Each structure stands twice: as structure tokens, then as C-alpha cells.
Amino acid sequence: MDILSQLNPAQRQAAEAISGPLLILAGPGSGKTRVITHRIAYLIKVCGVSPRHIMAVTFTNKAAREMEERLNRLAKASVKELTLGTFHAICARILRQEGRAIGITPGFTIYGRDDQISLLKRAIQEVDLDPKQYPPAAILSAIGAAKSQMLTPGGYAQHSSSYFEEVVARVYERYQQLLGQSNALDFDDLLMKAAELFSSQPGVLDRYQQRYQHILVDEFQDTNLVQYQLIKLLAGKHRNICVVGDPDQSIYSWRSADLRNILSFEKDYPEARVVLLEQNYRSTRSILEAASGIIAVNQQRKPKKLWTDNDAGEPVNIVETYNEQEEAQFVVREVERLVAAGQAKPSDCAVMYRTNAQSRALEEAFIRYGTPYRLVAGTRFYERREVKDIIAYLKLIQNTRDSVSLLRIINIPQRGIGDRTLSQLTSWASSANLSRYEALQLLSSPQEDKPPPFSPHAARALGSFYAMVEELVVGSRQLSLVDLFDLVIRKSGYREYIQNTPDGEERWENVLELRTVAQQYGDLPPGEGLIAFLEGVTLVSDVDGYDESAGAVTLITLHQAKGLEFSVVFIVGMEEGVLPHIRSFDDPGQMEEERRLCYVGVTRAKSRVYLVRAFRRSLMGGNTVNGPSRFLADIPSQLVSGVGLRRGEESQIAAGAYSWDGAPASAFDLPELKVGDQVRHGWFGEGVVVSCQPVRDDSELVVAFRGVGVKKLLLSFARLEKVD
DNA sequence: CGAAAGGCTCTTTTT
DNA sequence: GAGCCTTTCG
């Protein structure tokens, strides 16, 4: 049987070139995932390579899971021994195994973004800086950038060339100390320490080089320097390294992803073969050409010629609405229309946006219309207070030095351990050179040479907290994860506590949902289950939970949409300041990235694309009027059809293509209106003009409609009729 | 010590 | 509009 028989010639070439370095430049929809899975299956089934000797790195856990499923089907062999996962997950595994060699305890805790921020706040305070003047988020991103270039605090300090960087250097150093005291590694440490391990321990490196005869990296355009170094080290012996990417889909530069990795690849591996995958199997020709029009404007790119055998399909729809509510309403109604016409199922449709905040208006509309939807990220399940609390308990049990978790829950539920007691504990512990938890331990044992500073009341509270955690720690050694979970709830009194807060029942439900997650680790031995669970909940990404079979419309950020595909794609917020985002305006490089983001969105679509913008949008409380996104102008006009466009743009519309609120689509003469005039609206009925404000080249009206209420409308858009 | 109220600052994207 | 922090009061 020929595993590769289903591939086109270029794909086949990419799958077969198993020895030596290989760079696959894969356009959107070109069957990239297909190539990777077939390549691995080919390695295993045809070339007889043991899965043990293969490492495949994906961008998300979900991608890893899917690849595993596909391989199980394709190779019909156990791929259990395959090393498959994200850089972070793979590095965490390696460090638990080998970290001792560079002073890392196997039971380390992984700090995610929120933990990082909270530890960073403390670090900033401890070097006597004001967290208000130096926002933790800004410092965190500087430290992250440093770590992605493998700069230690010392190394960073040497390079620092501005006052801010000197500040960062000081904070960075303290922050690393605090991490060490907590026996914790942050996200970026996972990569950096793994690279450090391999650079400093030739013996360890040698073993791993021996093992990984074949290495594959997906989404290579979004790797950063540490990640590049890691694979360079690992592939150093066999040099069978295959990287797959598309420079036009590089959208993570803010996370230190570096497109230069693709250039470096050809330099570091001069013998590398390059395969281009240019045939698109996903999209209609109109969609592909529209996307090409958008991306072609970028200067920093190699032109490439994507093509497809698919039909031209429908034009790309450009839609203007008045505000984000109407934008959302348009989306929902259009979905309903497509569904009713039998042209799509809800699950075929996705709504994409630049920022998470945009999902709110959409959600409200979906709820109001009763149309099923699924929000990919936003749920942010693991960011909920109650979920974080329980996880903090479990983290503390697993690693009692974890100061972030300890401080989070030491007084939740309230145990009478207030700020004062806490700062006493902190200074007492640090003067004795102990972790806070060790200090608690000392407090409850009789031999004290340093008298603890606490009031009897506080001492009792601390003592009973310590006793509780100790009991939980003991439990963790013998109980299954779920039993431990229940013990935590019982001993802490968390259920009663959370149920008495606002939205208590809903919060409790979330705790139970977390419990269900914990159940999935039931077959692991006690300690291992806990570590695996904690690692799982820390390294999850939002798309990981995304289930395409849910039968609902998908609401998703453009970033998360990378790698997915849908029949029908709505991109909302096609406005200057939103997409492209305002923060990219003064940086041409960032602007190019916004353009790539738009390109990623459009190329997710198989058959229909709607680019929707709102004339007015509320942003952070305020209101803004945004012009249409510059990207819209870069789509060849013959590929476009407009809906609900304002006057002056109507010429582009295929006449009568769409009338989305039942208003007569032909009434384009703008009536001259003044306060007090009677008007009729196709939707709201009759009303009276309350105010009339000029906005740009237009007028914004406030109209009181009989039996409907007061509405704000845009003159050119509302299609009002004057009633005499 | 803790709850409640008021004031402040941000809001890009995320493994 | 929300979350976070500080202040204030009981």
C-alpha cells in the first residue's frame, strides 16, 4: 500500500524527503497538515523508523491531539512513543526528567501569565520601584523578550541601554530569585532552561540527539529564537529537520516570534531542500484572489503565486453597519438566512475579530436570536476566580514553596489572616531565610529560637492553616486526584464560601466543571496525576477546548483562527483602528503584521467571506467613529459585492443583492431633516427627529420612534423617509 | 480584620 | 465597562 498516493507531486516530495533538512513553505489551504501526518506515517510504516525517534512540534495542544488522531488512523500503529506536543509541553517534560543537572527540582510549578504578573509585582516592589510607574505587563513583555533570546538577568543588564532597560534588568534579577524561591519556572523559562540544559550538558544533549532522528516543526514562522536554538541543538546530530511554515501567516512577533528563523534556516542548513506548496484546496478562487490582493501590499515579503482549481464562487461581501450591535445583528441574521436557505449549517460558520472585547456584542446578538454559538477563547475558564483558587490550593499542595499560590489562598475563605499578619509572616520568614510555608511549619513546632511576631489570634489562624495544608499534602500522596480535590473543598470550606458570593451557584458549577477535568487524570498514580493535571491546566490554550462538532457558530479571535477552516467566515470590525489595530499605526512592521492577520482570517474561508465594519463603535466606555479598514481597498473590486453600504459606495453593489432589514433597497435619496421632522424607518416605524448632529460628511440623528423608543441613526445609512 | 464603596487605569493578539 | 487598587467605615 502506498501511504503517499493521496498526495499531489509537491506534497509527495515534501513527505518523501526524509533525510536532511527540509523547509516546506506552505500557503494557506495547501494541505500542510496532510503532508506532515503523511510524512510521519511514511517514516514509521515505510522507512521503519520507530515513533520513539520522532519529535513533532505543534503550535497548540489541539493541533497535537489532532495529529495524533490522524496518525492513529493513518499509520494504524501505536504512536504513543512519538514525542508530540507544543514546545512548552515538550520542554516541561524534558525538564522534569533532566532538570536536576542544572539545578531544577522535578516538582517545579509552572507559572502562567497571571502568576508571572503577580510575582512580578512583588519583584517590582522589592527593588523599591512603583508598580504604577512601571506597569508589570510592560516589564513582563521585556523579560519575555529577553528570555526568548536566552538573555539571563546578567546578560540583559550588560545590554541595557536605556533607563527603562536598567529598571527591567533589576526587576528581572529579583524576579528570577523569587521564581527560584518558589520552585517555579515561568512559561518562557521552560524554553530557556531547556536550551540551557542542552547547551551546558553535552551528555544529556547527546542522548536526546541520538534519540531524535527526525524532527518536525509546524508553524515555523511563529517560532522565536530559543525555539530555533532548541531544535538546532536537538537536530545537531542527524540533521533530519523538517520545518513547515508560511511567512505570510506570521502573526506572533509580539511574542518574539522571529521571521528571520526561516532565513537562518537556509543559512544554518545550506544543504536544505525547499518545497513550495502553492496549490490551494480550501477556498474559492474569489476568496484566494481577494486574500492575495490584501497580502500583496506588504513590502517585507517574497511574492508567491498561489493558485486553485476551485470555482470562482461568490464575491467577497463587504458590509457596513451603523454600530457594533447592528454589526452583530447582521452576522446573526445572515447566518440564519444561510441556514434557512440550506447553504450552511451553524457549525460551518465562524465570526472572527481582532480583540476579545469585540465578542461581547456578538454574543449578545446570538443569545437574543437564540442562534447557537461557541466562544472559543473568551470563556477563559481557567481565568475565573473560583477556578484559580482551587488550582492554587492544588498547586500549593504539590509544591509548598509556591508563594504565588500560597498568598492567593492563605485567606480564602477568610481565616483572619490579614495584610498585617501576612507582612509579618513575610519578613519573619525572610529573616530566617525560609519560605513562608517553612516558617509556618516552624511556628507550629515548639522549638523556636526566633520568637514569632504574631498576636495569639494571628498565630492560631496561621497554625490551623498550616495544619490544613499539611493534611492535604498527606492526602495527596495516597488519594486519587478527584478524592484529593474533594478533600480540598471539604477541608477548606470552599463550597460554603463560594456559594455565598454573588453568582455563587454559577461559580460553584465552575468548580464542579474543574472537578470533571480532574477526573480525566484518574488513572494516574496520586503524585503524577496531580502534576499532570496542573501542567495541563497551565499549558492549555483556548483553542484547545474548541470542538468543531458542537453544531454552533464559532466566535474566535483572528489569532486563534490560524490553522482552522470554515465554510463561511465573517470578519467583523474591518475598521481603521480595529483591524489594523491602532497600536500598529506608527510602525510599518506592525502594520504588515496586521495585514497578515487579515490575510489569515480571509484564507480560513472555503466558500463565503463577509468583511463587516461598523460606522460607530463603543470602545472602553467612549465612542469612536472609524473609517473603513485600509485592507478593504486592496481587494480587487471585481471580487467584491457590497451590502448596506453608504451612499457613494453604492455603485459597487450588485443591485438589490441584499436587503437585510426589509427596508426598500432603492431609496437612496437622502432627505433633508431637521429636529421635529416626522420620519419613517423600514424597521422601527414612524418617529420624530429629536436631534441632528453633523458627523464627518454625514449626519447622526436621534429619532424617537413610536412604541419602539429612542434610536441613534446615521442619515446616509438609516434609509429614513420623511413623512409630511 | 473585612466588607463596601469609590477611584483609578487600561484594554491587542497568547504558549 | 471592568477589573484592580485604595480608602473608609463598622
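This one's a predicted model, so the numbers in the text were calculated from it and none came from an experiment. Just so you know, these numbers use all the heavy atoms, side chains as well, and skip hydrogens, waters and symmetry mates.
- Mapping A/T355 and A/T421 onto DNA chain B by nearest heavy atom places A/T421 at the nucleotide closer to the 5' end.
- Within 4.0 Å of A/F59, counting heavy atoms only, lie sugar-phosphate atoms of the nucleic acid but no base atom.
- Rounded to an integer number of Å, the gap from CD of A/Q116 to C1' of B/dT15 is 10 Å.
- In this structure, the nucleotide among C/dA2, B/dT11, B/dT13 sitting nearest to the side chain of A/R360 is C/dA2.
- With a 3.5 Å ceiling on both atom-pair distances, the Watson-Crick or G-U wobble partner of C/dG3 is B/dC8.
- Out of B/dT13, B/dT15, B/dG2, the shortest distance to the side chain of A/Q414 is found at B/dG2.
- Residue-level contact check: A/R113 touches the bases, meaning some heavy atom is under 4.0 Å from a base atom.
- Backbone-only engagement by A/N411 is indicated by non-hydrogen atom pairs under 4.0 Å involving sugar-phosphate atoms exclusively.
- Contact annotation for A/K121: backbone-only contact, meaning every heavy-atom pair under 4.0 Å involves sugar-phosphate atoms and none involves a base.
- The aromatic ring of A/W254 sits over the base of B/dT13, with ring centres less than 5.5 Å apart and planes inclined by under 30°.
- In the set B/dT15, B/dT13, B/dC1, B/dT15 carries the atom at the smallest distance from any side-chain atom of A/T86.
- Ion pair A/R617/A/E327 flagged as a salt bridge, since at least one NZ, NE, NH1 or NH2 atom sits closer than 4.0 Å to an Asp/Glu carboxylate oxygen.
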